Novice: 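Below is one structure. I have some questions about it.
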Amino acid sequence: MKYLLVGGGGFIGSWLARELKSKNHEVIIIDPFVHYSDLESKKIIKIISFRKKGLLKGVRIIKAKFQDISKRIISDEKPDIVIHLAATPFERDIDFPLSYKQITDDVSLTFQIVTALKPHPEIKLLYISSISVYGDHEFAVTETAPYNPSTSYGISKASGEFLIKSSLENWNIIRTTSVYGFGDINNRAIQNIFNKILEKKAFWINKDIWLDFIYVKDLVRGIEKVASKAKKTEIFHISGGKAYRLPEVVKIIKTHYKKLVFSVKKLDIPKRGSLVNSKARVILGWSPKYSLKKGLRDYILLINEYKVA
C-alpha cells in the first residue's frame, strides 16, 4: 500500500512512518517542517535529528505545504491512503494568535485535503482527531458521545470531522488522547516533567485532572490497524482506555528518579476522562501493549540514551 502522510514529519507522523515501513508499505511525507515549540533550540535539534535518523530512514519526504501542491501530489503519486496528521497541537484557553491559526489555517487545510480527494473516491482519508471534540467530561466516553468542544483546538478538530463526513464517502476518523513518548517537542505533560527532572528543577502538577495516556508506539499501531482493516466511514478511539491523575504518573516516575522536587496545584482547566477503546479491540483486534508503567520505562531508556526528553 502507498501512504501519503500530511504533516507526517512531526512526533506522531515520524513514529507512524516507521511503523508503516516495518510492514513494507511505501510512505511519502509532505510537511513544511514548521515547528511550534518553546523548548530550547539545542533540545529541538537533538529530537529532530532522532526523528530523521531513527524514524524516517527510507521515507520519501517532500518539504512543502499540501495547499501548494495538493492536486499535483494526489494525481502524480496516486496514494491508496492519505493520513491527515497536520494540526497546531496545543490546547489552551483562548490565546488569540494560536486560536486564530487553529480555526483558520488548520480547518482550511482540512478543507483543501477534502477538496483534493473528492474526485478520487478510491483513496481513503484517515483523519487524526482528538478527545477534545467532546469538550469537558470527567468519565469515560464512547465514539457515539455528542460533540461539545470547549477550546479552539477542539473546535478545529470537530470542524475537520464535519468537513470530511459531509464531503467524502471513503474515510475513517481516529480520536485519540494524551499521547506520550520520545521524539515530542510540544512539551506535553509527561515530557515537561521529564525535562524538569533532567534539568534538576522543581516542577508542579495539577492535582485533580484525569488524563488517558497512550504510548506513541501503541497509537501508531492502532492507526495502521484502522488504515488497513477498518470499513469506511467508521470512527475509532485509539487510547489507553484508562485515566490517571498526574500524582499517579509521578509516583511511577519516582521509581526511576529518586530525588524529585515538585508541588501540587489545583487548576480549573479542561477536564478529560478516558476514551473507551473497546470498539477497536473487538473490530480491529488492536489493544495497547504498553501499560503506563511499561511505556514510561521504554521512554526513559531513550531519554537515557539521548540525554533529552
Side-chain angles (χ1 to χ4, degrees), residues 4-16 29-41 43-45 47-48 51 61-71 73 82-117 125-136 147-168 171 173-180 183-189 191-192 211 216 219 223 267 269-270 272:
L4 175 65
L5 310 187
V6 180
F11 170 43
I12 297 171
S14 298
W15 281 101
L16 177 59
I29 283 173
I30 179 168
D31 197 310
F33 290 92
V34 176
H35 306 298
Y36 303 94
S37 176
D38 54 7
L39 279 183
E40 297 172 22
S41 59
K43 292 179 180 177
I44 293 175
I45 290 168
I47 292 170
I48 299 301
R51 289 181 188 172
I61 297 173
I62 300 170
K63 188 176 181 181
K65 291 182 177 181
F66 180 87
Q67 300 94 311
D68 295 337
I69 58 172
S70 57
K71 291 182 180 179
I73 196 168
V82 173
I83 302 183
H84 179 8
L85 297 129
T88 310
F90 299 98
E91 186 167 27
R92 299 174 183 165
D93 291 333
I94 294 298
D95 172 331
F96 188 81
L98 176 68
S99 299
Y100 185 81
K101 179 173 176 55
Q102 289 172 329
I103 298 299
T104 56
D105 293 11
D106 290 3
V107 176
S108 174
L109 173 58
T110 304
F111 176 75
Q112 295 202 40
I113 292 172
V114 167
T115 302
L117 291 180
L125 174 62
L126 201 162
Y127 180 59
I128 308 302
S129 189
S130 169
I131 191 173
S132 302
V133 302
Y134 299 119
D136 289 356
Y147 293 94
N148 189 30
S150 58
T151 62
S152 56
Y153 180 71
I155 292 167
S156 71
K157 286 296 185 184
S159 299
E161 290 193 20
F162 279 116
L163 281 169
I164 291 162
K165 290 177 182 179
S166 64
S167 303
L168 301 178
W171 55 263
I173 290 169
I174 289 176
R175 296 179 187 143
T176 191
T177 178
S178 301
V179 59
Y180 70 99
D184 193 7
I185 62 171
N186 290 320
N187 236 8
R188 292 175 174 90
Q191 183 197 19
N192 184 51
L211 295 172
V216 66
L219 174 57
I223 295 172
L267 295 180
I269 63 176
R272 296 287 179 262

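Owing to the predicted nature of the structure, the values given are computational and were not obtained by experimental measurement. Residues take their numbers from the sequence shown, with the count starting at 1.
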Novice: Any idea which heavy atoms bring Gly9 and Phe33 closest together, and the distance?
Specialist: CA-CE2, 3.7 Å

Novice: For Ser132, enumerate each residue passing the side-chain contact (heavy atoms from CB on, under 4.5 Å) test, keeping only those at least two apart in sequence or located in another chain.
Specialist: Glu91, Ser130, Tyr153, Arg272

Novice: Donor-acceptor pair, distance only, cut-off 3.5 Å: does the side chain of Lys157 make one with the backbone of Ile128?
Specialist: yes

Novice: Considering residues at least two apart in sequence or located in another chain, which fulfil the salt bridge (charged side-chain N to carboxylate O under 4.0 Å, His left out) criterion with Asp105?
Specialist: Lys101

Novice: Can you give me the closest heavy-atom contact between Arg51 and Gly10, atom names plus distance?
Specialist: NH1-CA, 3.5 Å

Novice: Locate the shortest heavy-atom distance separating Ile73 from Leu4; write the atom from each residue and the value.
Specialist: CD1-CD1, 3.9 Å

Novice: Find the distance between CG (Asn192) and CG (Asn186) and round it off to the nearest 0.5 Å.
Specialist: 12.0 Å

Novice: CD1/Ile29 to CD1/Ile83 distance, rounded to the nearest 0.5 angstrom?
Specialist: 10.5 Å

Novice: How long is the span from the CG atom in Leu98 to the OG1 atom in Thr88, to the nearest 0.5 Å?
Specialist: 6.5 Å

Novice: Can you find a heavy atom in the side chain of Ile62 that is under 4.5 Å from one in the side chain of Ile69?
Specialist: yes

Novice: Using 0.5 Å steps for rounding, measure from the OG1 atom of Thr151 to the CG atom of Asp136.
Specialist: 9.0 Å

Novice: Can you check whether Leu163's main-chain N or O pairs, donor with acceptor, with Ser166's side chain at less than 3.5 Å?
Specialist: yes

Novice: Mark yes when over 12 heavy atoms from residues, nucleotides or ligands other than Tyr147 sit less than 6.0 Å from its OH; otherwise mark no.
Specialist: yes

Novice: Under the 3.5 angstrom rule, does the side chain of Ser129 hit a backbone N or O of Ile174 as a donor-acceptor pair?
Specialist: no

Novice: Quick one, Lys65 with Val34, criterion side chain to side chain contact (heavy atoms under 4.5 Å, CB included). Give me CA distance, side-chain angles, the key distance, then yes/no.
Specialist: CA-CA 10 Å; Lys65 291 182 177 181; Val34 176; 5.8 Å; no

Novice: With rounding to the nearest 0.5 Å, note down the distance linking CD1 in Ile131 to OG in Ser178.
Specialist: 6.5 Å

Novice: State, with a plain yes or no, whether a side-chain heavy atom of Ile61 is found less than 4.5 Å away from one of Asp31.
Specialist: no

Novice: Check for a donor-acceptor pair, side chain of Arg188 on one end and backbone N or O of Tyr180 on the other, with a separation under 3.5 Å.
Specialist: no

Novice: First locate atom CD1 of Ile185, then atom CD of Glu40, and finally report the distance between them rounded to the nearest 0.5 Å.
Specialist: 13.5 Å

Novice: With side chain to side chain contact (heavy atoms under 4.5 Å, CB included) as the test, would you mind laying out the steps for Ile223 and Ile12 before giving the verdict?
Specialist: CA-CA 10 Å; Ile223 295 172; Ile12 297 171; 4.1 Å; yes

Novice: Of the non-hydrogen atoms in Gln102 and Ser152, which two are nearest, and what is the gap between them?
Specialist: OE1-OG, 2.5 Å

Novice: Side-chain donor-acceptor pairs under 3.5 Å in residues 107-116, sequence neighbours left out?
Specialist:
{"unit_1": "Thr110", "atom_1": "OG1", "unit_2": "His84", "atom_2": "NE2", "d": "2.9"}
{"unit_1": "Thr110", "atom_1": "OG1", "unit_2": "Asp106", "atom_2": "O", "d": "3.2"}
{"unit_1": "Thr115", "atom_1": "OG1", "unit_2": "Phe111", "atom_2": "O", "d": "2.8"}

